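See structure below.
The basis for the numbers below is simple: all heavy atoms, side chains too, and nothing from hydrogens, waters or symmetry mates. The structure displayed is predicted, hence computed values, not measured ones.
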Amino acid sequence: MSINPLSMISLEFDRARLAALGRSFGVPLHAVDDGYLVHCAARALFGDTAPQPFALRPSRGRNLRALGYSVASADDLRAHAHTFAEPIAYAACNLESIVGKPMPAAWRLGTKLGFEVRACPVSRSDGATTRVADPAVRPRAEVDCFLSACRRAGESARVVREEIYLQWLHRELDRGGAAKLVSGRMLSFRRVRLSRSTHAGVRAIKVCERPDAIFAGILEVADPQAFDTLLRRGVGRHRAFGFGMLLLRPVGHLDA
């Protein structure tokens with residue numbers, strides 16, 4: 001079975017027109033973040049080929065820039081938007097500025113790569129065990145991995161957030177045997193309020209607080225095909241909203 005080649009895509013959105021698009025969808029702008037609006041715009045423009053996962057990049061002024069992975073080329077994305085996007089979505093993105101590059105078609109076993117990723121280190125609660133430990137946590141709810149580790153360890157134990165999060169990252173990179181975490185560090189951490197649809201209608205938005213961490217390090221490709229799948233899927237939860245995109249770097253570029 002053939003797999004469509006993967007491209008890295010660069011997109012620029014106009015912040016004011018992005019907000020106008022959100023209002024047209026009935027989205028309460030006071031309750032949503034940039035990742036949510038970019039997700040809405042990309043889906044409205046490009047449908048199922050919208051770049052995902054994607055990462056918001058530093059930008060100033062009226063434009064908001066994003067990088068993402070897509071099975072469509074820059075030309076394909078433009079053609080889709082020209083043909084199918086509604087005018088208000090069409091105006092939110094500078095379509096002529098879309099550029100892309102093909103990602104490697106194959107990865108070599110044992111290759112070491114530098115990486116950076118913004119991730120949301122949460123896990124799903126495990127039902128009965130979690131209810132005994134903390135009755136306030138709903139079964140299968142998302143739980144901050146650090147807080148979960150603190151609950152398991154008890155009040156007297158010292159738990160280091162970075163260590164817990166790196167253990168989580170190791171498990172995520174090892175999904176399907178894709179890659180090994182050779183070394184890593186947490187560049188930044190904060191707790192953020194994220195807006196998500198409840199699937200009861202576009203206007204039904206819930207706001208949740210989640211950990212937001214940026215990691216850098218070195219990984220080793222353990223299974224080339226599984227690693228390609230990992231790039232396409234992304235790391236962790238909330239991958240459709242600006243989390244989980246593995247940005248690859250030369251190993252010498254990072255002092256990890």
Side-chain angles (χ1 to χ4, degrees), residues 3-57 59 62-101 103 117-120 142 192-208 210 212 229-247:
I3 299 177
N4 291 331
L6 189 67
S7 293
M8 178 186 281
I9 304 294
S10 176
L11 303 165
E12 284 191 358
F13 295 91
D14 183 289
R15 292 179 187 273
R17 291 176 176 177
L18 202 59
L21 176 65
R23 285 192 294 270
S24 77
F25 286 166
V27 172
L29 296 182
H30 67 278
V32 297
D33 52 274
D34 286 342
Y36 189 93
L37 288 175
V38 168
H39 164 78
C40 292
R43 288 289 176 176
L45 284 163
F46 311 121
D48 291 340
T49 60
Q52 180 186 317
F54 67 85
L56 299 178
R57 307 308 293 157
S59 54
R62 65 180 295 169
N63 290 331
L64 180 64
R65 190 167 75 91
L67 290 176
Y69 290 132
S70 176
V71 295
S73 68
D75 288 340
D76 291 338
L77 292 172
R78 265 192 297 271
H80 189 283
H82 284 316
T83 304
F84 300 110
E86 294 185 8
I88 194 165
Y90 189 87
C93 180
N94 182 353
L95 294 176
E96 299 312 311
S97 73
I98 298 176
V99 292
K101 68 158 194 177
M103 295 297 291
V117 61
R118 178 194 180 203
C120 184
E142 287 184 353
V192 294
R193 292 171 64 82
L194 301 178
S195 308
R196 298 294 178 261
S197 170
T198 63
H199 304 293
V202 177
R203 296 173 187 271
I205 299 293
K206 66 176 181 179
V207 179
C208 54
R210 294 290 185 268
D212 179 348
T229 299
L230 179 66
L231 284 183
R232 294 167 185 261
R233 176 188 183 275
V235 173
R237 301 277 298 167
H238 302 285
R239 300 181 304 276
F241 301 95
F243 290 87
M245 182 184 184
L246 275 170
L247 295 166

Taking the side chain as everything from C-beta on, heavy atoms only, tell me whether Asn94 gets closer than 4.5 Å to Glu96. yes
So, Ser70 side chain and Ala72 main chain: donor-acceptor pair closer than 3.5 Å or not? yes
Shortest non-hydrogen contact from Gly35 toward Leu56: N-CD1, 3.9 Å
Distance from Arg15 atom CZ to Asp34 atom CG, nearest 0.5 Å? 5.5 Å
Rounded to the nearest 0.5 Å, what's the gap from CG on Leu18 to CZ on Arg62? Could you check? 12.0 Å
For the residue pair Val32 and Phe25, establish whether any side-chain heavy-atom pair is separated by less than 4.5 Å. no
Is there side-chain contact between Met103 and Arg232, with at least one heavy-atom pair below 4.5 Å? no
Provide the closest heavy-atom pair for Ala74 versus Gly100 in the form atom of the first, atom of the second, distance. CB-N, 3.8 Å
Rounded to the nearest 0.5 Å, the CD1 atom of Ile98 sits from the OG atom of Ser10 at a distance of 9.0 Å
Can you tell me how far CZ of Arg233 sits from CD of Gln52, rounded to the nearest 0.5 angstrom? 10.5 Å
Heavy-atom donor-acceptor pair, Arg193 side chain to Val207 backbone, under 3.5 Å: no
Okay, side chain of Arg78, backbone of Leu95: is any donor-acceptor separation there less than 3.5 Å? yes
Nearest atoms (heavy-atom pairs only) where Phe54 meets Ala66: CD1-CB, 4.4 Å
Does any non-hydrogen side-chain atom of Leu67 lie less than 4.5 Å from one of Leu247? yes
So, for Ala50 and Ala42, which heavy atoms are closest and what is the spacing to 0.1 Å? CB-O, 3.5 Å
Grab the two heavy atoms, one from Met245 and one from Ala55, that are nearest each other, plus how far apart they are. SD-N, 3.7 Å
Determine the minimum heavy-atom distance between Ile88 and Ala20, stating which atoms define it. CD1-O, 3.7 Å
Between Val27 and Tyr36, is there a side-chain heavy-atom distance shorter than 4.5 Å? yes
So, do Leu77 and Thr49 sit near enough that their side-chain heavy atoms are less than 4.5 Å apart? yes
For a 4.5 angstrom cut-off between non-hydrogen side-chain atoms, does Leu45 reach Phe13? yes
Donor-acceptor pair, side chain of Tyr69 and main chain of Leu246, under 3.5 angstrom: yes
Are any non-hydrogen side-chain atoms of Phe243 and Asp212 less than 4.5 angstrom apart? yes
List the steps, then state whether ring-ring contact (aromatic ring centres under 6.0 Å, His included) holds for Phe241 with His39. CA-CA 6 Å; Phe241 301 95; His39 164 78; 4.4 Å; yes
Rounded distance [0.5 Å steps], NE2 in His238 versus CZ in Arg118: 10.5 Å
Taking atom OG1 of Thr83 and atom OH of Tyr90, what is their separation to the nearest 0.5 Å? 9.5 Å
